[in-house]
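The structure appears below as structure tokens.
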Amino acid sequence: MILLYKVLSTLLYPLLVLIIYLRKFLGKEDSFRFKEKIYLSNFNAINKQNSQLIWFHASSIGEFRSIIPIVKQLNISKTNYKFLVTTTTLSSGNLAKLEFKNLNNTFHRYMPLDVPFLIENFLHLWKPDKIFLVDSEIWPNLILKANKKKIPIFLLNARITKKTFKRWKLIKKFAEKIFQKFDLCIASNKESENYLKILGAKNIKNYGNLK
């Protein structure tokens, strides 16, 4: 199943590129930065310069808002750190420009598509020391490649709805191979905590919803 996902995501890459261009034409993507999602040459990685890089990925504006206080607090307390924050939607990208404009060590990029060669190169160029995926951002190629590179990866404010859980259960063995790769899952509620256990996550904490 993992091999099938890798192959399909690679084969679908040209179609996904066309979809991104269509969304750009419709005004649903950033007119200047949409290529960050689809081309290696637009990843615009920064040099860590002997500091640690923490990567947060929060897809849309709700998820992004939930981590703003965390990133800002870490900026104060962690002087030798840099922060990469990726999002997917245009609205979250616009908000990131406002929230991080005065933070010299925090960088926003749009998340590349979960295609093996894109993710491989993104990780190689940015070299994150830790990765935090927010809410329900479960991207198999990213998770598997981070694990292979021994980069600790965490699921923050994890939210698994009943509908999503049913979908994962249809491919339970595949789900277990993905969820067991997380070093830590911080659940947003008791329901998500229970679903994470069934899906194979090992180290689970429940501190309530960050939102």
Revision key, fill the gap. Sequence neighbours excluded, the answer for side chain to side chain donor-acceptor pair (under 3.5 Å) partners of K145 is E120

Check your understanding: Under the side-chain contact (heavy atoms from CB on, under 4.5 Å) criterion, do F56 and T86 qualify, and how do the steps go?
Key -> CA-CA 6 Å; F56 289 90; T86 58; over 6 Å; no

Point to revise | Main-chain N/O of E63 paired with S66 side-chain donor or acceptor, under 3.5 Å | key: yes

Check your understanding: How would you list all residue pairs meeting side chain to side chain donor-acceptor pair (under 3.5 Å) that involve residues 121-134, not counting sequence neighbours?
Key -> K48-D129

Study note, to complete from the structure: Closest non-hydrogen atoms of G27 and L90, given as atom of the first, atom of the second and distance, are O-CD2, 3.6 Å

Exercise for review: Would you kindly confirm whether M111 and I153 end up in one hydrophobic cluster when ILVMFWY residues are joined by side chain heavy atoms under 4.5 Å apart?
Suggested key: yes

**Study point:** Path from W139 to I131 over hydrophobic side-chain contacts below 4.5 Å
**Key:** yes

Check your understanding: When rounded to the nearest 0.5 angstrom, what is the spacing between NZ in K202 and CG in L184?
Key -> 14.5 Å

Point to revise | Distance flag, aromatic centroids of W55 and F122, threshold under 6.0 Å | key: yes

Review point. Who pairs with F117 by ring pair (Phe, Tyr, Trp, His ring centres under 6.0 Å), at least two apart in sequence or on another chain?
Key: Y13

Review point. If only atom types and distance count, is the side chain of K181 paired as donor or acceptor with the main-chain N or O of K177 below 3.5 Å?
Key: yes

Revision key, fill the gap. Contacts of E176 meeting side chain to side chain donor-acceptor pair (under 3.5 Å) (sequence neighbours excluded), chain-then-number -> K172

Point to revise | Nearest heavy atoms of A146 and L123, plus distance in Å | key: N-CD1, 4.0 Å

Check your understanding: Roughly how far apart are I61 CD1 and N94 CG, rounded to 0.5 Å?
Key -> 8.5 Å

Practice item. Would you sort out whether K205 and E193 count as a salt bridge (charged side-chain N to carboxylate O under 4.0 Å, His left out), showing the intermediate values? Key: CA-CA 8 Å; K205 305 294 182 183; E193 180 183 357; over 6 Å; no

Practice item. Please check if I186 and I178 belong to a single hydrophobic cluster, counting links between Ile, Leu, Val, Met, Phe, Trp and Tyr side chain heavy atoms closer than 4.5 Å. Key: no

Practice item. Give a yes or no on whether a salt bridge exists between D30 and K35, defined as a side-chain N under 4.0 angstrom from a carboxylate O. Key: no

Check your understanding: Going by the angle between their ring planes, with limits at 30° and 60°, are F179 and W168 parallel, tilted or perpendicular?
Key -> perpendicular

**Study point:** Same cluster (ILVMFWY, side-chain, under 4.5 Å), F25 and L113
**Key:** no

Check your understanding: CD/E29 to CD1/I19 distance, rounded to the nearest 0.5 angstrom?
Key -> 10.5 Å

**Study point:** side chain to side chain donor-acceptor pair (under 3.5 Å) partners for D135, two or more places apart
**Key:** R159, K211

**Study point:** Output field: ring centroids Y21/F34 closer than 6.0 Å
**Key:** yes

Check your understanding: Quick check, are the ring centers of F100 and F64 under 6.0 angstrom apart?
Key -> yes

Exercise for review: Please report the shortest heavy-atom distance between Y110 and K37, naming the atom on each side.
Suggested key: CB-CG, 3.8 Å

Study note, to complete from the structure: Separation between CG (L125) and CG (N44), nearest 0.5 Å, reads 10.0 Å

Review point. Short question: side chain of S77, backbone of Q73 - any donor-acceptor pair under 3.5 Å?
Key: yes

Point to revise | Hydrophobic cluster membership, F83 vs I46, 4.5 Å side-chain cutoff | key: no

Point to revise | side-chain hydrogen bond (donor to acceptor under 3.5 Å, both in side chains) between S9 and D114, worked out | key: CA-CA 7 Å; S9 57; D114 194 45; over 6 Å; no

Check your understanding: So, for R33 and R109, which heavy atoms are closest and what is the spacing to 0.1 Å?
Key -> NH2-CA, 3.4 Å

Practice item. Tell me yes or no: between the side chains of T87 and H108, is some donor less than 3.5 Å from an acceptor? Key: yes

Revision key, fill the gap. Those residues at least two apart in sequence (or on a different chain) that pass ring pair (Phe, Tyr, Trp, His ring centres under 6.0 Å) with Y81 are none

Practice item. Rounded to the nearest 0.5 Å, what's the gap from OG on S188 to CG on N157? Could you check? Key: 5.0 Å

Review point. Closest heavy-atom contact between P152 and D183?
Key: CA-OD2, 3.3 Å

